[in-house]
Amino acid sequence: MKIHRQAYVFCLDYEDASNWEICKAKGLVGVRQNPQGQTHARAIRKGDVLYVWKGGAGKPGSGLIARITASGPAMAAVKTEVPWPDPALFAYVVPFDIDQELATAI
Amino acid sequence: MTDSFPNNQKGSRFKIQNTALQKGLMPVSDESRALLEARFASTRPTDDGEQVPVAIGGGGWTSDQDLIRTVELAAVAAVREFLAAEGWREIRDCQRDGCGYAFIFGHGDGRKRLVEVKGASADEVRFQLTRLEHQVLSRDPSGRIYVVTTAVNAPQVHVLDWMAVEELGIKPASWQVG
């Protein structure tokens, strides 16, 4: 029995950063093909917390940008619509509700 | 193309490794979670959205959000460590549930404890309760309030059952009309 909400850091690759607006509009984030990322995606449960990180090291707009809550388990990307470009790069999508978005990345 | 994270200065502030970011999705440690959580505007919500001030030296209270957040995070860390050292295991983190307490802990001997955490910057045991905290903790004998004084610099944990709370004296801090 899972009794403790897990927290994750979810990272948007820098080149995917513009997908964030699509993520918010659709209530989905996408997990790429990285094996460990996929393993963790399969463990996600409703209520888990994801801290959204925009990649890019020191580039403008990179860093922590939001906190979201998974509204259900991850779904295999092949079985669902992937609403952003290059859908084949993504293995899972995770439905979410947004808790809070920071005014600027930190 | 995969990102590289040269110098990863932003990640290191949250004790997050470059490699964790490169995986796309990784669990974070309790320490990282506390650091991340501190960056969001609201501290853990209370039952009805009240923001409870914390005690500061000289008998006063502060509503400074940054200070409250810092004190609260330090107090929670101290209580978790304190309870673990006494053989208690965290069963549930209820900090965002608005249920009138912050955690449920269980002991190997079968006891269960509802745990509310109160941090103070001051070195004296003073704290404020929400209506729901008062309602729950005054009625449930398994409830305890863990008050952490000088929480940031030299945390001291004080454990209070409701009888001890009443002995300290409970005074209304505000009134609602209408």
Side-chain angles (χ1 to χ4, degrees), chain A residues 1-17 29-44 47-59 61-67 69-70 74 86 89-92 94 99-106, chain B residues 1-45 65-66 69 73 76 80 84 89-99 102-106 112 115:
Chain A
M1 184 174 66
K2 189 167 182 144
I3 52 176
H4 187 81
R5 290 179 191 170
Q6 181 65 57
Y8 298 86
V9 60
F10 166 76
C11 187
L12 284 159
D13 279 8
Y14 187 70
E15 66 268 27
D16 294 339
V29 289
V31 180
R32 285 182 166 232
Q33 301 283 353
N34 180 281
Q36 288 188 52
Q38 292 184 56
T39 298
H40 297 305
R42 288 190 290 270
I44 283 183
D48 286 349
V49 175
L50 280 69
Y51 297 96
V52 181
W53 191 274
K54 193 177 282 187
K59 297 188 181 84
S62 64
L64 179 67
I65 59 171
R67 183 184 62 210
T69 300
D86 300 320
L89 297 176
F90 296 87
Y92 288 94
V94 180
D99 294 333
Q100 193 173 341
E101 186 173 17
L102 299 172
T104 56
I106 53 177
Chain B
M1 184 177 76
T2 305
D3 260 356
S4 60
F5 293 86
N7 301 321
N8 186 27
Q9 294 179 342
K10 290 189 170 181
S12 63
R13 289 185 301 176
F14 301 104
K15 310 261 184 180
I16 296 174
Q17 302 289 325
N18 291 359
T19 49
L21 295 171
Q22 290 169 328
K23 301 289 189 296
L25 181 72
M26 285 291 283
V28 294
S29 67
D30 287 345
E31 183 180 19
S32 290
R33 185 175 186 173
L35 293 167
L36 289 159
E37 199 60 37
R39 298 299 181 141
F40 290 92
S42 59
T43 55
R44 65 185 171 87
Q65 300 299 297
D66 287 338
R69 192 176 305 126
L73 288 169
V76 166
R80 278 181 159 143
R89 180 176 57 87
E90 186 176 322
I91 295 175
R92 184 177 176 86
D93 180 343
C94 313
Q95 293 182 87
R96 298 192 170 280
D97 294 354
C99 55
F103 299 98
I104 301 172
F105 274 78
K112 187 186 78 171
V115 172

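Just so it is clear, the structure is predicted and the values come from calculations on it, not from any experiment. Sequence lines set the chain letters: A, B, ... in the order given, protein chains first and strands last, and positions in each chain run from 1.
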Salt bridge or not between Asp93(B) and Arg80(B)? Use side-chain N to carboxylate O under 4.0 Å.
yes
Distance (rounded to the nearest 0.5 Å) between Cys99(B) SG and Arg92(B) CZ
7.5 Å
Counting heavy-atom pairs under 4.5 Å with chain B, which one of Leu89(A), Val31(A), Leu64(A) comes out on top?
Leu64(A)
Which region of Tyr51(A), side chain (C-beta onward) or backbone (N, CA, C, O), has a non-hydrogen atom less than 4.5 Å from a non-hydrogen atom of chain B, or is it both or neither?
side chain
Checking heavy atoms, do the side chain of Val49(A), its backbone, both or neither come under 4.5 Å from chain B?
side chain
Axial cation check for Phe90(A) ring with Arg32(A), 6.0 Å and 45° limits
yes
Does the pair Leu36(B) and Ile16(B) meet the rule for a side-chain contact (heavy atoms from CB on, under 4.5 Å), with working shown?
CA-CA 10 Å; Leu36(B) 289 159; Ile16(B) 296 174; 4.1 Å; yes
